[in-house]
Amino acid sequence: MQQSEQGKLFLNCQLISPACKPGNIAFNSKLIIATAEKAIAEKRALAVMPALALTGGYLEDLHNSGDIIDQVQHYLQDILLASITWPTNFVCIFGTPIITPTAQYNGVVAICHGKIVATAAQSQPSGRESAHFAQVSAAAAALPASNIFLLPIFGPYNPLRIELAVGDDIFSYQPAACKANVLIHVADAPYNYAYAAKLQKTAATLAENAKLALISVNSGAFSASDNYLMQAAYSAYEGDLCLAEETPDISDYFTENCYADDRSADYLAKAATLSYKHSLTCSFSVPRLQAFLSSKGEVPAETCACDAYFDLHAPVNRLFNPAPYLFQSYAALQSVNFRGFAPCYSQSADQTDFYGNLWRLSGLSLLKRLRLTRSRALVLGLSGGLDSTVAVLSCYAACLLGQLPTDYIYAVKLPGFGSSGDTCKQADDLVKALGLRDLTINITAACKQHFSDIEQPAGCYDVAFENAQARERTQILMDKANQVHGFVVGTGDLSEECLGFCTYNGDQMSMFNPNIGIPKSMMPPLLAAFPSWLKQFKTSVSSTALQAALEAISAHAISPELLPLDAEGQQQQATQKQVGSYVLHDFFFYHLADANYCTDDLLTLAYLTFSPENIAALEKSALSFAPYSNVFACRTFSKEEIKATLAIFSKRYISQQFKRLPAPAGLNFTPFNLTSSWKIPADLACNPFFHQKY
């Protein structure tokens with residue numbers, strides 16, 4: 001557990017656009033060395049610099065000059081010699097002309113401990129460069145090394161496959177041809193808004209579709225004639241996560257010491273400090289990178305690899321999302337430079353748009369099932385809790401979208417031994433606000449008769465006592481559905497299905513479940529958005545009354561309400577005290593489905609995410625979370641509580657798979673759900689999460 005507590009899951013990389021000088025190759029080589037050594041001091045695994053960093057940018061006809069060709073080869077050797085003193089677990093990647101006996105290429109090299117471990121060259125030089133750089137396809141074998149190299153990682157991880165790309169080649173990069181899980185792109189393109197937008201879109205799409213991590217560095221301080229590159233451009237993606245998109249203001253490269261003697265050690269030190277000041281750190285989650293390899297082929301055995309294992313460290317400048325299912329606006333994510341905050345729903349303008357679309361999809365799915373089965377009613381149990389409220393609003397949305405009368409909805413209140421006055425009132429208020437028919441069937445007498453039939457001892461409040469109530473409710477709903485020619489709408493959510501926190505052949509069963517893809521942590525903001533979404537329809541519903549009813553439901557403690565009330569008439573059961581916070585459970589399932597984190601790694605991620613430091617940083621940002629609700633009663637958790645909750649999640653997820661196999665169909669619109677993610681056999685002989693390392 002030592003590794004887990006130290007947070008060693010992240011490969012930290014530095015993206016640097018040094019303040020190089022066009023044509024001053026001697027100075028540029030020293031600056032590359034100096035900035036690389038600053039990255040080493042910060043314990044970075046990779047330092048990535050732009051294309052043509054060694055020459056200080058594109059030099060036009062000077063690239064054919066014998067003096068320039070000689071200096072490129074000489075000072076590249078200087079960098080190689082300097083790198084012998086660097087740690088063996090550090091790689092410096094930068095752009096340089098690659099000189100071969102037959103041609104010169106616009107290339108990039110990866111240097112590790114005195115040797116070039118990988119090279120790549122631009123396959124299609126741009127129009128301005130084609131007169132001086134050859135196409136790499138004509139003589140690829142002449143390059144010193146492969147464009148893919150292996151990076152051994154310390155710990156239970158396979159080596160990372162890192163691929164290099166140069167310039168405009170990224171625009172023709174085919175995701176299906178990708179053999180690496182990390183792509184490093186370097187460029188030296190004149191900065192303009194059109195190019196920046198094109199590169200940003202291409203990089204984001206490529207990282208997501210090719211399932212890889214992507215680093216892109218475009219040059220900053222270089223200039224050549226009328227092509228001015230006055231802004232560095234950094235992008236870093238981890239699959240569908242944007243770690244950073246940044247174009248720092250580097251005007252101070254040109255305002256201080258612009259004409260100073262660049263041969264002095266003092267000027268070199270200032271230039272290195274200035275370059276590092278405008279650099280960017282990105283921290284890649286190695287378990288996620290490992291998950292990207294599952295669909296990729298093998299790398300040739302002769303691929304160059306680094307000699308040493310690379311250490312993982314705690315993340316740098318990275319925020320962590322405690323509720324990854326929730327919407328975050330693109331503007332809010334940009335305000336914190338993304339910093340690894342997932343997910344990014346950039347296609348939606350705001351929360352109303354995002355959650356409104358979910359209400360539309362939920363209603364349409366119910367409407368389709370209604371038409372398909374030729375049913376004339378939607379029957380469900382209404383308890384006054386979160387789940388049944390979301391389900392009844394989905395039914396209401398179906399009626400609005402299908403232009404059906406709300407008489408189609410049979411929301412039946414089924415109070416029993418543990419139904420509190422608060423939830424009964426909440427259910428009543430919701431029915432009144434929506435203008436639904438008022439249906440109540442008390443199950444107490446029926447359950448007492450059933451207990452007598454099966455000889456259940458009086459005062460024995462065991463699992464039979466609880467489950468009998470759930471099955472009685474399901475029987476009533478099924479029979480009512482037959483009576484009114486309808487079907488039963490399920491209310492169990494994704495979080496409860498993961499934990500198996502439902503009664504087999506009780507509330508587990510229905511004809512269709514619109515909640516099956518909705519985690520508990522998404523329900524409060526989903527409810528909060530419903531009144532706004534409803535405004536587009538001409539209804540007589542009072543927005544004020546509906547909003548008040550929904551706020552009361554979100555604020556009420558989550559409970560199955562199966563045990564008898566105490567002397568004060570209050571419910572004794574509190575679900576999150578019994579199984580742990582649903583915020584944690586949703587977090588665990590999301591990341592297990594995303595990257596199959598091992599237990600130690602998942603604990604590390606949770607410790608970082610729910611730490612007071614991370615939560616405090618989020619609260620100061622423009623990022624938004626759910627409105628107040630009992631789901632989010634806690635935002636920070638101790639390591640002990642996180643560990644105990646993960647143990648509960650692991651045990652229940654494994655042992656309750658048999659309940660998920662016969663679960664009804666439903667709508668899955670969340671990124672990770674039970675239909676598409678993390679499936680397991682129903683007859684595991686042991687729980688692999690409880691394995692003790694030997």
Quick check on side-chain contact (heavy atoms from CB on, under 4.5 Å): which of L326, N321, L333 does L623 satisfy it with? L333

Compute whether any side-chain donor of one residue and acceptor of the other, for S235 and Q200, lie under 3.5 angstrom apart. no

Are the side chain of N513 and the backbone of G492 linked by a donor-acceptor contact shorter than 3.5 Å? yes

Checking the side chain of T205 only, and the main-chain atoms of T202 only, is there a donor and an acceptor separated by less than 3.5 Å? no

Residue pair P664 / F512, side-chain heavy-atom distance below 4.5 Å: no

Step-by-step salt bridge (Lys or Arg N to Asp or Glu O under 4.0 Å) determination, E238 to R318: CA-CA 12 Å; E238 186 179 283; R318 180 163 176 167; 3.1 Å; yes

Please verify the inter-ring angle class for Y597 with H591; under 30° counts as parallel, over 60° as perpendicular, anything in between as tilted. perpendicular

S283 and N12: which non-hydrogen atoms are nearest, and at how many Å? OG-OD1, 2.6 Å

Any carboxylate oxygen within less than 4.0 angstrom of a Lys/Arg side-chain nitrogen, looking at D601 and R288? no

E245 and Y237: side-chain donor and acceptor closer than 3.5 Å? yes

Taking atom types as modelled and ignoring hydrogens, do the side chains of T491 and N515 form a donor-acceptor contact shorter than 3.5 angstrom? no

Just by modelled atom types, is the I680 backbone N or O under 3.5 Å from a matching donor or acceptor in the Q657 side chain? yes

If you look at every heavy atom in V392 and L380, which pair is closest and at what distance? N-CD1, 3.6 Å

Please check this pair: side chain of W359 against backbone of A529, looking for a donor-acceptor N/O pair closer than 3.5 Å. no

Can you name the closest pair of heavy atoms from A557 and N630 and give their distance? N-ND2, 3.3 Å

Taking S559 for its side chain and A574 for its backbone only, find out whether a donor-acceptor pair lies under 3.5 Å. no

Output, in order, the C-alpha distance, side-chain angles, deciding distance and verdict of side chain to side chain contact (heavy atoms under 4.5 Å, CB included) for F610 and E641. CA-CA 11 Å; F610 297 101; E641 188 172 1; over 6 Å; no

Test item: F589 and L674 side chains (from C-beta on) under 4.5 Å apart, heavy atoms: yes

Is the shortest heavy-atom distance from the side chain of M523 to the side chain of I518 under 4.5 Å? yes

N/O donor-acceptor pair under 3.5 Å between N209 side chain and P175 backbone: no

Could K520 and D387 be called an ion pair, given the rule that one side-chain N must be under 4.0 Å from one carboxylate O? yes

Is the side chain of D493 donor-acceptor paired with the backbone N or O of I516 at a distance under 3.5 Å, no angle test? no

Taken to the nearest 0.5 Å, the spacing of K432 NZ from S542 OG works out to 13.5 Å

Which atoms form the tightest heavy-atom contact between G486 and S375, and what is the distance? CA-CB, 4.0 Å

Face-on cation placement of R660 at Y653 ring, 6.0 Å and 45° thresholds: yes

Residues, nucleotides or ligands: over 12 heavy atoms within 6.0 Å of Q403 CD: no

Can you give the donor-acceptor pairs under 3.5 Å from side chains of residues 404-416 to other protein atoms, not counting sequence neighbours?
from : atom 1 : to   : atom 2 : distance (Å)
K413 : NZ     : D428 : OD1    : 2.4
K413 : NZ     : D438 : OD1    : 2.6

How would you list all residue pairs meeting side-chain hydrogen bond (donor to acceptor under 3.5 Å, both in side chains) that involve residues 390-399, not counting sequence neighbours? S362-S394

Using ring-ring contact (aromatic ring centres under 6.0 Å, His included), reason through F10 and F320 one step at a time and then give a plain yes or no. CA-CA 13 Å; F10 298 89; F320 296 92; 5.7 Å; yes

Close side-chain approach of P315 to L608, heavy-atom, < 4.5 Å: yes

CG/L527 to CE/M522 distance, rounded to the nearest 0.5 angstrom? 12.0 Å

Rounded to the nearest 0.5 Å, how far does NZ of K643 lie from CG of L584? 15.0 Å

Atom of S543, atom of P531 and distance for their closest heavy-atom approach: OG-CB, 4.0 Å

Hey, are the side chains of Y582 and F632 touching, using non-hydrogen atoms and a 4.5 Å cut-off? no

W533 and L393, any side-chain heavy atoms less than 4.5 Å apart: no

Which residue pairs satisfy the salt bridge (charged side-chain N to carboxylate O under 4.0 Å, His left out) criterion with at least one member in residues 530-545, sequence neighbours excluded? none

Non-hydrogen side-chain atoms of Q426 and T423 separated by less than 4.5 Å: yes

Apply side chain to side chain contact (heavy atoms under 4.5 Å, CB included) to residues S365 and L361 and explain how you reach the verdict. CA-CA 6 Å; S365 69; L361 291 174; over 6 Å; no

Would Y607 and F637 satisfy ring-ring contact (aromatic ring centres under 6.0 Å, His included), going step by step from the backbone distance to the final call? CA-CA 8 Å; Y607 293 162; F637 300 93; over 10 Å; no

Counting only N and O atoms by type, is there a donor-acceptor contact under 3.5 Å from the side chain of Q547 to the main-chain atoms of T544? no

Can you tell me how far apart SG (C498) and NE2 (H585) are? Round to the nearest 0.5 Å. 9.5 Å

Check: A332 main-chain N/O paired with S335 side-chain donor or acceptor under 3.5 Å: yes

Scan side-chain atoms only and decide if N317 and T281 contain a donor-acceptor pair under the 3.5 Å cut-off. no

Could you give the distance from NZ (K425) to CG (L430), rounded to the nearest 0.5 Å? 11.5 Å

Is any side-chain heavy atom of Y504 closer than 4.5 Å to one of M509? no

Whether D507 side chain and C502 backbone form a donor-acceptor pair below 3.5 Å: no

Does L499 form a side chain to side chain contact (heavy atoms under 4.5 Å, CB included) with Q656? I'd like the steps, not just the answer. CA-CA 7 Å; L499 296 174; Q656 302 293 300; over 6 Å; no

Between F530 and Y355 (judged by ring centroids, cut-off 6.0 Å), do the two rings come close enough to count as a pair? no

Step-by-step side-chain hydrogen bond (donor to acceptor under 3.5 Å, both in side chains) determination, S420 to E561: CA-CA 7 Å; S420 66; E561 295 199 330; 2.8 Å; yes

What's the separation between atom CG in N668 and atom CG in N673, rounded to the nearest 0.5 Å? 3.5 Å

Please tell me whether N614 and T609 have a donor and an acceptor in their side chains that are separated by less than 3.5 angstrom. no

If you look at every heavy atom in I615 and P322, which pair is closest and at what distance? CD1-CG, 4.2 Å

Y325 and F672 aromatic centres sub-6.0 Å: no

Would you check, one step at a time, whether the test side chain to side chain contact (heavy atoms under 4.5 Å, CB included) holds for C395 with V489? CA-CA 8 Å; C395 294; V489 177; 3.9 Å; yes

